[in-house]
Amino acid sequence: MNLEATIQSVVAQSVKTLYNIDVENNQIQIQKTKKEFEGDLTVVVFPFAKAARKSPEATGQEIGEFIVQNHAVVSAFNVIKGFLNLSIHPSYWLETLDTIHGNAGFGKTLPTGKADTMMIEYSSPNTNKPLHLGHIRNNLLGFSIAEIQKANGWKVVKTNIVNDRGIHICKSMLAWKLFGNGETPESSGMKGDHLVGKYYVVFDKAYKAEIKELMEKGMTEEEAKKNAPLILEAQNMLLAWENNDMEVRQLWKTMNGWVYAGFDETYKQMGVDFDKIYYESETYLTGKSEVERGVAEKVFYQRDDKSVWADLTGDGLDEKLLLRTDGTSVYMTQDIGTAKLRYNDFDIKKMVYVVGNEQNYHFQVLSILLDKLGYAWGKDLVHFSYGMVELPEGKMKSREGTVVDADDLMAEMIDSARETSQELGKLDNCTPEEIESVARMVGLGALKYFILKVDPRKNMTFNPKESIDFNGNTGPFIQYTHARIKSVLRKAVEQGINFGIGIDKSLEISEKESYLIQLLTEFPNIIKQAGEEFSPALIANYEYELVKEFNQFYHDFSILKEDNEALRQFRLVLSASVAKVIKTGMGLLGIEVPERM
RNA sequence: GGUCCCGUAGCUCAGCUGGAUAGAGCAACGCCCUUCUAAGGCGUGGGUCAUGGGUUCGAAUCCCGUCGGGAUCACCA
């Protein structure tokens, strides 16, 4: 039983004995004592004061006395207003630290053989343009959540659905065919995904010019958009693709190949990966046949123009298109197919889609459609809906060239980390490889922490003009603290100090030290909560608080230079434990921590 | 228009399953390296928690209204 639960049960017992009131343990509010007051944990006594018919102060006093008498772990108490502040005996903290120190996987619950499987879909790029900052948030969240769920005992399958077919890629293909002059990644020296993205923009420009021309000839904008030769040709291309036209398929394969090579580089740099990748080109047919089955079973219906729809008005929603007039499939169609294949391929207990909140409606519909098709798990899909990354001017728009490119941003972060390292001269004795490795860790650490520390459900703002900080509440600050601790531990070893032999439980320790231990004890619970709420931000904020506290400790206390051997021993163990929790926690965010920086 | 989300310091964000005087970082200003890494520590200033009401012993937190911002309701993905 953890400390909080112990206190809860003692309080319940005391309230029963003193006032004959029955309270459920979990109804008792325990919180950390605020820093300005003495004590470690605080019981909120207002709820009992009323029933006890006494003032909150008197109630707190009586409960406090009862607890101190009946529980050795509580060494003292004080009451302020209706708050009963309890001081925990130092030996309890020392005992706890010993346990933490001896547990290499502290905080995590590793999956057992019979653990349930959670499939997490993230990334899910289109193959017509390179990844941008929005994708970075998606990828980092997906990867981190996978790590967090693993640490909560789930067996996790990370998956990616690549939107490799559809009208968007036909646009790039068409533009390349018409205006590309055979340009390749090799001939241009461009990364493949960027090259294909370039032709997507080329298409858009030419298409817009055509629309303008048609409108000048008297068409309405809507008519012009539908009748511009380029869009008609792109639609034809999609049709040809679905009909397995050799030439179109060949071009498609070539250009997608360029894109994949580019994506692989980006993913590698970002440090994310997948256990199983699905391609829409391989799942959309299953989707189509599911839709056709739906029509046969009359859950969906076909209109006179041959298009297929689901009527969701009974569910409070609209009608949803599932197959176009020309028989080609849409996004929803392929998502139905992908879902079915996944459940065939894996024994999925929980399916999670890491997809932006702009698609809330889509997933609401998907869930209902799968349910209508007779899949019991349809209703259980989890849409992990995260907020958009916005620029100070608003949403990023690829067509207006305001997107922040993923490759560029990562490279910039690494560059500025390298520059800072050089300026500070911290790595002057290191090999070029070591310097590069640290620059990468720190640059990416800054970026990742910047993204992950904010509540995933909220939109966030990124200002490209202000570079991401390396000081304050940042990834590098946390990494730096780790490096500092490691430096001390290395010196301890050099001096032949062995701190693996346990600590003296009768030591007097400072408030700062016991508070650090208290923070460490919260770590497993933070991981649990982060898993339940799908929130890496909880881990990030916890890490920051821990590190901030540690730095104050580091500033105010000597570790190696402490004369009292037992105290020195204890502080080394404490520092090592903090370093361990930093590393584990940052690992859950997909952030590496350096040994020196 | 329907549905949903958001509004906390100049900026970026915590806090939101109700609890003490609302916290950090950045930016500004000042102090601390002959002491284990100053990517650090300490301090100062900065708030009608959008707004009006309600519930409660107690509201940034829960409920209702108003204002402001965003998303979505495509034969786009």
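Each chain gets a letter, A, B and so on, in the order its sequence line appears, and its residues count up from 1.
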query: Does a nitrogen or oxygen in the side chain of A/Thr461 sit under 4.0 Å from OP1 or OP2 of B/C13?
result: yes
query: OP1, OP2 of B/C5 versus side-chain N and O of A/Asn459: anything below 4.0 Å?
result: no
query: Can a side chain N or O of A/Lys548 be found less than 4.0 Å away from OP1 or OP2 on B/G25?
result: yes
message: Any base atoms under 4.0 Å from A/Pro47, or only sugar-phosphate, or nothing? Heavy atoms, all strands.
response: base
- prompt: B/A71, B/A24, B/C57: which one has an atom nearest the side-chain heavy atoms of A/Phe46?
  reply: B/C57
message: Considering every strand and a 4.0 Å limit on heavy-atom distances, what is the contact class for A/Asp469: base, sugar-phosphate, or nothing?
response: sugar-phosphate
message: Determine whether a donor-acceptor pair (one donor, one acceptor, N or O, separation below 3.5 Å) exists between the side chain of A/Ser558 and the base of B/C36.
response: no
message: By the definition side chain to side chain contact (heavy atoms under 4.5 Å, CB included), identify the one residue from A/Asn85, A/Leu84, A/Val43 that meets it with A/Phe77.
response: A/Leu84
query: Would you say a side-chain N or O of A/Lys81 is under 4.0 Å from OP1 or OP2 of B/A20?
result: no
field: C1'-based separation of B/G41 from B/A24 [nearest Å]
entry: 15 Å
By side chain to side chain contact (heavy atoms under 4.5 Å, CB included) - contacts of A/Ser281 (at least two apart): A/Asp164, A/Arg165, A/Trp241, A/Trp252, A/Tyr279
task: Report the nucleotide, chosen from B/G19, B/C73, B/C36, that has the shortest atom-to-atom distance to any side-chain atom of A/Asp318.
output: B/C73
message: Categorize A/Asp305 for me: base, sugar-phosphate, or nothing, with a 4.0 angstrom heavy-atom threshold over every strand shown.
response: base
task: Would you mind classifying the nucleic acid contact of A/Gln359 as base, sugar-phosphate or nothing, using non-hydrogen atoms under 4.0 angstrom?
output: base
query: What's the CE-C1' distance between A/Met332 and B/U72, to the nearest Å?
result: 13 Å
query: Using a cut-off of 4.0 Å on non-hydrogen atoms, how would the nucleic acid contact of A/Ser421 be classed: base, sugar-phosphate, or nothing?
result: base
- request: Would you classify A/Ile167 as touching base, sugar-phosphate or nothing, given that sugar-phosphate means primed atoms plus P, OP1 and OP2, and contacts are heavy atoms under 4.0 Å?
  value: sugar-phosphate
query: Closer than 4.0 Å, any side-chain N/O of A/Lys486 to the OP1 or OP2 of B/C36?
result: no
task: Ignoring the backbone of A/Lys34, work out which of B/A20, B/A77, B/A14 is nearest its side chain.
output: B/A20
Touch class at under 4.0 angstrom, heavy-atom based, for A/Met460 against every strand present: sugar-phosphate
query: Is A/Thr328 touching bases, backbone alone, or none of the nucleic acid, heavy atoms closer than 4.0 Å?
result: nothing
- prompt: Any side-chain N or O of A/Arg457 less than 4.0 Å from the OP1 or OP2 oxygen of B/C4?
  reply: no
- prompt: Would A/Glu533 and A/Arg457 pass as an ion pair if we require N to O under 4.0 Å?
  reply: no
task: Classify the side chain of A/Gln31 versus the base of B/G19 as yes if they form a donor-acceptor pair under 3.5 Å and no if they do not.
output: no
- prompt: OP1 or OP2 of B/U37 less than 4.0 angstrom from a side-chain nitrogen or oxygen of A/Lys491, does that happen here?
  reply: yes
task: Respond yes when some side-chain nitrogen or oxygen of A/Arg324 is under 4.0 Å from OP1 or OP2 of B/A74, and no when none is.
output: no
- prompt: Taking OP1 and OP2 of B/U37, is either one under 4.0 Å from a side-chain nitrogen or oxygen of A/Arg490?
  reply: no
- request: Report yes if the distance between the aromatic ring centroids of A/Phe363 and A/Tyr353 is under 6.0 Å, otherwise no.
  value: yes
query: Does A/Tyr515 have its ring centroid less than 6.0 Å away from the ring centroid of A/Phe553?
result: no
- request: Describe the nucleic acid contact of A/Tyr331 in one word from base, sugar-phosphate, nothing, applying a heavy-atom distance below 4.0 Å.
  value: base
task: Using a heavy-atom cut-off of under 4.0 Å over every strand shown, decide if A/Asn26 touches base, sugar-phosphate, or nothing.
output: nothing
- request: Establish, with yes or no, whether the OP1 or OP2 oxygen of B/A14 is under 4.0 angstrom from a side-chain nitrogen or oxygen of A/Lys458.
  value: yes
task: Please determine if a side-chain N or O atom of A/Ser487 lies less than 4.0 Å away from the OP1 or OP2 oxygen of B/U37.
output: yes
